[in-house]
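Written out below as structure tokens is the structure these notes cover.
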2 protein chains.
Amino acid sequence: MERADESEGKDAVTDPAREACPINPVVELIFSRWTTPILWALEHHGRSRFNELQRLLPTITPKVLTQRLRQLERDGLIIRTYHAEIPPRVEYTISDLGRTLVPVFDVIADWSDAHLPQVATARQAYDTARAEEAAWAEG
Amino acid sequence: MERADESEGKDAVTDPAREACPINPVVELIFSRWTTPILWALEHHGRSRFNELQRLLPTITPKVLTQRLRQLERDGLIIRTYHAEIPPRVEYTISDLGRTLVPVFDVIADWSDAHLPQVATARQAYDTARAEEAAWAEG
DNA sequence: CTGGATCCTATAAGATACTG
DNA sequence: CAGTATCTTATAGGATCCAG
């Protein structure tokens, strides 16, 4: 059993870092690594088994997938159903609470469509400007 | 100059992890640690200097604040203005592009008001259920 | 004042092997 | 099948000192 390691810790819900930003707790809750891909997969692919999720998320490792699924289950965003068969079968679904996030994701997707290209442009401008500065400083 | 360390790297915009989740690039872009508190502070407090931001975000270190400001500047979400005075003065503002995120943040804030308590409840239920299991297993 | 440079630690994540 | 255990590595972040 790992305990000091892999803490999962500190209940983002009550984290004092919110002092400067009221949405910070939700951000840490919902947008921590892998949570959106998992919820998205469960929403669009429907009820899924552990190995199905691993296929849907090709770059995640079993260990991390387990961690994230446990966290999402604890937060009430997904539902885990264990079938005591041989071989055992476990199914995951998004919960009603988890589904309330879908409109939020849609808003983000809309922002992405509308503005992500501008971010890419800004990055190129920034990088070329810095490159020119460097070249000029060099002589 | 740190190079292998502190990479900042890999352009989330073009990250292949999006395969399972189209909003993943934006999530990594906008909701990485400290970016929402910084943007929120600049939006609500207005044009701010480095030290003001440090006061508004009491737990951030200068090093990390610098990193995040650079990243946000590169992504075009904030604007950095350097005044070559003595002592030097630097001001940060949210850009027009950055301001397009405000409605997104509002949607998240609404979700938080409506559903965050349910997350807290789910956590308590999960934890007590696990505690009971453990007690029962112990005898 | 606004950070950069350097060193160090904590935490997240990967690889691999194994089990009920 | 659905994970767990263990070890190792990578990365983010903190502490401190220093500089234009």
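The sequence lines fix the lettering, A, B, ..., with proteins before strands; numbering per chain opens at 1. Basis for what follows: all heavy atoms, side chains included, without hydrogens, waters or symmetry-related copies.
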Worksheet entry | Listed partners of B/H45 passing ring-ring contact (aromatic ring centres under 6.0 Å, His included), at least two apart | none

Discussion item. Rounded to whole Å, how long is the line connecting atom CD1 of B/I86 with atom C1' of D/dA19?
Written reply: 14 Å

Worksheet item: Which residue pairs pass the ring pair (Phe, Tyr, Trp, His ring centres under 6.0 Å) test when at least one of the two sits in residues 109-132 of chain A, sequence neighbours left out?
Response: A/W111-A/H115

Item to complete: Would you tell me if any nitrogen or oxygen in the side chain of B/T66 comes within less than 4.0 Å of OP1 or OP2 on C/dG3?
Response: no

Item to complete: Mind calculating the distance between CD (B/E28) and C1' (C/dA13) to the nearest angstrom?
Response: 14 Å

Worksheet item: Who pairs with A/R80 by salt bridge (Lys or Arg N to Asp or Glu O under 4.0 Å), at least two apart in sequence or on another chain?
Response: none

Fill in: Contacting residues from residues 45-54 of chain A, given that a heavy atom lies under 4.0 angstrom of DNA chain D
A/R49, A/F50, A/N51

Worksheet entry | Members of residues 87-95 of chain B that approach DNA chain C, where some heavy atom sits under 4.0 Å away | B/P87, B/P88, B/V90, B/Y92

Fill in: D/dA2 phosphate, OP1 or OP2, under 4.0 Å from A/R80 side-chain N/O
no

Worksheet item: Does A/R89 CZ have over 12 foreign heavy atoms under 6.0 Å away?
Response: yes

Worksheet entry | Whole angstrom value for the distance that separates P of C/dA12 from CD1 of A/I60 | 14 Å

Response to the item:
For B/F31, the ring-ring contact (aromatic ring centres under 6.0 Å, His included) test, sequence neighbours excluded, returns A/F31

